[in-house]
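Nothing here was measured: the structure is a model prediction, and the numbers come from that model. Note that ligands are numbered from 1 as they come in the structure, with each ligand's atoms numbered from 1 the same way.
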Amino acid sequence: MARAAIILAAGQGTRMKSATPKVMHRIAGLAMLGHVIAAAKGAGVNRIVVVTSADGEAVREFAAGTGARCVIQDKQLGTGHAAACAKDALAGFSGEVITAYGDMPLVTAATFEASFAARAKAGMAVVAFRSRSKAYGRVIARNGILERIVEYKDAGENERAIDLCNAGIMAADAKSFFRWASKLENNNAQREYYLTDVPLLAKGEGVACAVVEADEAEMMGVNSRAELGQAEAAMQKRLRAAALDAGVGMIAPETVFLAYDTKLEADVSIAPYVIFGPGVKVAAGAEIRSFSHLEGADVGRDAIVGPYARLRPGAVIGEGAVIGNFVEVKNTVVEAGAKASHLTYLGDARVGEGANIGAGTITCNYDGFDKHFTDIGAGAFIGSNSALVAPVKVGDGAFVGAGSVVTTDVEPDALAVARAPRKVIGGWAEKFRAKKRTEKGK
Ligand code: UD1
Ligand code: MG
């Protein structure tokens, strides 16, 4: 059966106190909304509608990039009203639909799958989890079948004491869902159209709603900065566990921060305090040492990175290459076995196989307007504290003398030395000191 998802993301998220829309705040380097969309796709959903507010331009741009359709909810009249806004976008769709909130980044494809499965049996399904937090609506159920959901603000003493909470995921037949959603009313504490009242309308037509229980660690809704931090911690735990399980070595996993898409092969070893931004791949046998920051980088087999290295987007580190302390690499291919062991900036460059980059080498890639390319040949040796002013090419096997400023190409196997000639004045220091002593009377 065809599967669609409606993801609600039009709320202001006022509790975040941020100019950034709530669902665009990131968890492990990806907007919360992105996590929910990925989980839906993982459950075989191929039509996704994201409900946004009129000023949610950033949300729409992001959602469109994932292939989702966006609709606008002009006024935030409640979750039920928001879901109903997806009706036109799903006109003519016949199949099952799932609703979810854009602020539940820990949700998994398995939970969406379970709710579709429960819906197929019972008629409708909602997902619940155990919590005592005041943030959640309470689920009143009997023998696994829903009686009703009551928002905490609308609940009486006894209902508030119930620890079964509404996650915000609902599965239903699409056509029936929109029929029910259009009949919602707003006679409640918040004067809102509650999505949570849909099962009552279903019940009125004799359609039962199953309650699927999921783990709290997966269901938390993020409403504040503090909760964003908690969700990040939970996601990091999950990502670290998966990496360890896949054979990645980490002696202090709690200090390693991974991105949602970090790809680490078995036998990669990561020292304490390493941060991965999005888009990093590390091949087997590579070692990432402490206090390194990687983003958009590809690290080859048995390479060594760090300690204190920074790999920026487009850094490609070849097999067995070494990127040492205080080395920054951006948009640069460092070929197999090449070494930049200390204090270097390599930007918009190629470093040929086996080349050696001395400490303090800088590729001067930017003239204030454009970026230029530096090409360093295989086996070249760049002496310490050299400035390579791009565009420039150092041929295979060439040497650049320490302290050189290289502005023109160096022939293969040549030596280029570009520094002021040494001038020596014998005995100058002693004369200088004598003069100073006389002046000061010492
Ligand atoms: C909601 C549920 C509550 C549940 C909790 C789980 C309702 C009535 N309440 O409460 O039972 O326990 O989530 O986290 O559904 N949104 C819109 N348009 C609106 C209102 C909200 O798009 O008019 C979106 C928000 O952007 C958000 C989601 O819907 O992504 C949930 O809204 P939120 O205000 O966070 O609802 P809660 O009070 O957390
Ligand atoms: Mg919420």
Using a strict cut-off of 4.0 Å, indicate which atoms of ligand 1 neighbour a heavy atom of [X].
X      : answer
Thr196 : 7 (C), 8 (C), 11 (O), 15 (O)
Thr79  : 7 (C), 8 (C), 15 (O), 20 (C), 21 (C), 29 (O), 31 (C), 32 (O)
Lys22  : 35 (O)
Gly137 : 3 (C), 4 (C), 11 (O), 12 (O)
Ala167 : 6 (C)
Gly11  : 16 (N), 17 (C), 22 (O), 24 (C), 25 (C), 26 (O)
Gly102 : 30 (O)
Gln73  : 17 (C), 18 (N), 19 (C), 22 (O), 23 (O)

Item to complete: Looking only at N, O or S atoms, find the one in Asp103 nearest to the Mg ion (ligand 2) and name it.
Response: OD2
What I'd like to find out is whether the side chain of [X] reaches to under 4.5 Å of the side chain of [Y], using heavy atoms alone.
X      : Y      : answer
Phe116 : Val45  : yes
Tyr260 : Arg26  : no
Arg47  : Arg3   : no
Arg138 : Tyr152 : yes
Val51  : Ile6   : yes

Worksheet item: If you measure from the Lys or Arg side-chain nitrogens to the Asp or Glu carboxylate oxygens, is any gap between Glu205 and Lys203 under 4.0 Å?
Response: no
Worksheet item: Is any side-chain N of the basic residue among Lys237 and Glu254 closer than 4.0 Å to the acidic one's carboxylate O?
Response: no
Discussion item. Protein non-hydrogen atoms only, distance under 4.0 Å: does atom 36 (O) of ligand 1 have such a neighbour?
Written reply: no
Discussion item. Quiz question for you: does at least one protein heavy atom lie closer than 4.0 Å to atom 9 (N) of ligand 1?
Written reply: yes
Worksheet item: Mind checking whether the Mg ion (ligand 2) has an N, O or S of Asn223 under 2.8 Å?
Response: yes
Worksheet, complete the sentence: Closest to atom 12 (O) of ligand 1 among protein heavy atoms sits Asn166 O, 2.6 Å
Worksheet item: Tell me, which protein residue and heavy-atom name are nearest atom 22 (O) of ligand 1, and how many Å apart are they?
Response: Ala10 N, 2.9 Å
Item to complete: Compute the centroid of each ring, for Tyr136 and then for Phe129, and state whether the two points are separated by less than 6.0 Å.
Response: yes
Would you check whether [X] reaches within less than 4.0 Å of ligand 1, judged by its heavy atoms?
X      : value
Cys165 : no
Gly168 : no
Glu192 : no
Glu151 : yes

Worksheet item: Going by distance alone, is a donor N or O of one side chain under 3.5 Å from an acceptor N or O of the other, for Glu192 and His81?
Response: no
Worksheet item: Under 3.5 Å between some N or O of ligand 1 and some N or O of Ala82?
Response: no
Item to complete: Using distance alone, decide if ligand 1 has a nitrogen or oxygen within less than 3.5 Å of any nitrogen or oxygen in Leu8.
Response: yes
Discussion item. Checking contacts here: is it the side chain or the backbone of Asn223 that comes within 4.0 Å of ligand 1, counting heavy atoms only? Could be both or neither.
Written reply: side chain
Discussion item. Counting only heavy atoms closer than 4.0 Å, does ligand 1 sit against the backbone of His81, its side chain, both, or neither?
Written reply: neither
